[in-house]
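Computation of the quantities below employed the complete heavy-atom set of this structure, encompassing side-chain atoms and omitting hydrogens, waters and symmetry-equivalent molecules. What you see is a predicted model; the values in this text were computed from it and never measured. Each chain gets a letter, A, B and so on, in the order the sequences are listed, and its residues count up from 1.
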Amino acid sequence: MPELPEVETIRNTLKRFVLNRTIEVVKVYWGKIIKKPDDVEHFKQLLIGQTIHDIKRKGKFLLFELGDYTLISHLRMEGKYSVHYKDEPLKKHTHVIFSFTTEEELRYNDVRKFGTMHIVKKGEELLQKPLIQLGPDPFEKAFSAEYFYKKLKATNRSIKSVLLDQTIVAGLGNIYVDETLFKARIHPLKKANKLTKKEVQEIRKQAISTLEEAVAQGGTTIRSYVNSQGEMGMFQQELSVYGQENKACPTCDKPITKMKVGGRGTHVCLNCQKL
DNA sequence: CACTATGTTGGTTG
DNA sequence: TCAACCAACATAGT
């Protein structure tokens, strides 16, 4: 489900309901979501008594900053957070509950159970899994034109697979890669090290502006994504190619083609994006 | 009913 | 080094 704009929207909508809440009870109904510590009881015990001081984001990861630890959460395809009164009935796929000292609790819901949670000591987030190999967030200074060009020069993989690689830049997924490459007029199978400096700069610029616009629209709802208040995103109205197979290209009116790149469904205007 | 696809990523294989 | 494939899991569409 969520890429950077959706995770950022979840962060923003969630913050006002969980900041300064203290965890009193933790329930885990699907233990495989908990990756660290490996013992689920230990996971619960570390969280009890901890207060949520802030929620940050890096790429597609949410970072719940607690007093002594950071809870690092990845939503993968279908993960969702929402806050409920404790007496509200659980939804079908609620797998983890963080119950506060107030009347409310934070619930993690995940139809496909792919999501992950790690607890790490505060200050050691970047030194270990799951963030250690993560590249810069596109909104960070570290994602500079020079950095990006250097990384692309160093590989002859297709540009689409490189943009999906979270160790290069963290936050783009299938929707925003297709949209970015369309706006930059680059074919997804183009080899990264064959791109000119100008083309690389254009890809970087379009990636950042597409993500910014999607954040402003509250993310993209194609199938099931909603923010932590159950609201849909609006960016799906702005999509040029993703999910637009056989529809007219907004630039040239030729039909959008769907193909397979790196095993992922890939949407492209073959007239505007030449190989 | 069978088969495919899905906003992710980690591991294996060749 | 990299592409291809599979795995995790549930659901919707053809």
Side-chain angles (χ1 to χ4, degrees), chain A residues 1-11 29-36 57-62 72-81 91-96 108-118 128-135 151-181 188-194 207 210-211 214-215 217-228 232-246 258-267:
Chain A
M1 167 182 72
E3 305 177 34
L4 185 154
E6 291 75 37
V7 178
E8 179 68 7
T9 304
I10 289 164
R11 184 180 82 88
Y29 301 111
W30 189 260
K32 288 206 239 175
I33 288 169
I34 313 305
K35 301 299 181 189
K36 188 174 187 264
R57 180 191 58 72
K58 176 143 181 166
K60 304 175 191 172
F61 288 90
L62 278 174
I72 304 176
S73 173
H74 197 298
L75 277 25
R76 293 288 184 98
M77 293 292 270
E78 293 277 350
K80 288 171 185 59
Y81 280 104
K91 292 197 192 125
K92 186 171 179 187
H93 299 288
T94 298
H95 304 307
V96 184
Y108 178 73
N109 190 280
D110 190 342
V111 169
R112 295 177 72 179
K113 302 173 174 167
F114 288 173
T116 64
M117 295 184 191
H118 294 72
Q128 57 192 303
K129 289 213 292 188
L131 302 188
I132 185 166
Q133 294 281 19
L134 201 64
K151 284 290 188 184
L152 294 195
K153 265 288 164 256
T155 181
N156 77 150
R157 295 155 67 195
S158 72
I159 182 62
K160 170 147 183 172
S161 69
V162 174
L163 290 175
L164 286 172
D165 181 345
Q166 304 294 297
T167 71
I168 306 286
V169 54
L172 291 163
N174 210 28
I175 294 178
Y176 297 106
V177 166
D178 283 4
E179 292 298 307
T180 294
L181 290 175
L189 285 173
K190 181 108 181 180
K191 300 290 186 184
N193 58 7
K194 294 277 182 15
T210 303
L211 292 168
V215 169
Q217 298 287 317
T220 300
T221 297
I222 296 296
R223 202 165 64 252
S224 65
Y225 162 76
V226 288
N227 69 25
S228 57
M232 297 187 347
M234 297 297 287
F235 193 74
Q236 60 277 14
Q237 295 174 4
E238 317 292 326
L239 295 175
S240 300
V241 289
Y242 187 88
Q244 310 301 307
E245 185 181 13
N246 296 328
K258 185 173 180 186
M259 56 195 283
K260 213 63 149 180
V261 176
R264 312 292 301 276
T266 297
H267 310 76

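- Looking only at distances, a side-chain donor or acceptor of A:Lys153 sits under 3.5 Å from a matching main-chain atom of A:Asn193.
- Using a distance-only test at 3.5 Å, with no hydrogens or angles considered, no donor-acceptor pair links the side chain of A:His118 to the main chain of A:Lys129.
- Atoms NZ (A:Lys58) and C1' (B:dT9) sit 18 Å apart, rounded to a whole Å.
- Taking only side-chain atoms of A:Lys260, from C-beta outward, the nucleotide of C:dA3, B:dA5, B:dT9 with the closest atom is B:dA5.
- A:Asn156 comes within 4.0 angstrom of the backbone, heavy atoms only, and of no base.
- In this structure, the NZ atom of A:Lys32 is 9 Å from the P atom of C:dA10, given to the nearest Å.
- Distance check on atom P: B:dT4 versus C:dC5 gives 13 Å, rounded to whole Å.
- Among the nucleotides C:dT11, B:dT8, C:dC9, the one closest to any side-chain atom of A:Glu3 is B:dT8.
- Taking the P atom of each, C:dA8 and B:dC1 are spaced 23 Å apart, rounded to whole Å.
- Remark: P of B:dT9 and CG of A:Leu164 are 8 Å apart, rounded to the nearest angstrom.
- Residues passing the salt bridge (Lys or Arg N to Asp or Glu O under 4.0 Å) test with A:Arg112: none are found, sequence neighbours excluded.
- Following rounding to the nearest Å, A:Ile168 (CD1) and B:dT8 (P) show an atom-to-atom distance of 17 Å.
- The separation of C:dC6 from B:dC3, taken at their P atoms, amounts to 15 Å, rounded to a whole angstrom.
- Listed nucleotides: B:dT9, C:dA10, C:dC9. Nearest to the side chain of A:Phe114: C:dC9.
- For A:Lys80 (side chain) and A:Glu78 (main-chain N/O), a donor-acceptor pair under 3.5 Å exists by modelled atom type.
- As a whole-Å value, the separation of A:Lys160 NZ from C:dA3 P is 14 Å.
- Although no hydrogens or angles enter the test, the distance criterion places no donor-acceptor pair under 3.5 Å between the side chain of A:Glu179 and the main chain of A:Thr210.
- Of the candidate nucleotides C:dT11, C:dT1, B:dT8, B:dT8 has the atom lying nearest to any side-chain atom of A:Met77.
- Which of B:dT6, B:dT8, C:dA3 sits closest to the side chain of A:Arg157 comes down to C:dA3.
- Backbone-only contact: A:Lys92 has heavy atoms under 4.0 Å from sugar-phosphate atoms and none from a base.
- A:Lys258 comes within contact range of the sugar-phosphate backbone alone, with a heavy-atom separation under 4.0 Å but no base atom that close.
- Contacts of A:Gly219 with the nucleic acid, taken as non-hydrogen atoms under 4.0 Å apart, are absent.
- Nearest nucleotide to the A:Ser161 side chain, out of C:dA3, C:dC9, B:dT8: C:dA3.
- Computed from coordinates, the A:Lys60 NZ to B:dG10 C1' distance equals 14 Å when rounded to whole Å.
- Nearest nucleotide to the A:Thr155 side chain, out of B:dT6, C:dC2, B:dT8: C:dC2.
- Nucleic acid contact class of A:Gly263 (heavy atoms, under 4.0 Å, all strands): none.
- With both ends at atom P, the span from C:dT11 to B:dT9 equals 22 Å, rounded to whole Å.
- Residue A:Asn109 contributes atom CG, which lies 14 Å from atom C1' of C:dC9 at whole-angstrom precision.
- Nucleotide B:dT13 is matched to C:dA3 when pairs are restricted to Watson-Crick or G-U wobble geometry with both distances under 3.5 angstrom.
- Here the nucleotide nearest the side chain of A:Arg76, chosen from B:dT8, C:dT11, C:dC9, is B:dT8.
- In this structure, A:Asn174 atom CG and B:dT6 atom P are separated by 8 Å, rounded to whole Å.
- As judged by a 4.0 angstrom heavy-atom cut-off over every strand, A:Tyr242 is placed among residues touching the sugar-phosphate backbone only.
- With A:Glu6 contributing its side chain and A:Val215 its backbone, the two residues share no donor-acceptor pair below 3.5 Å.
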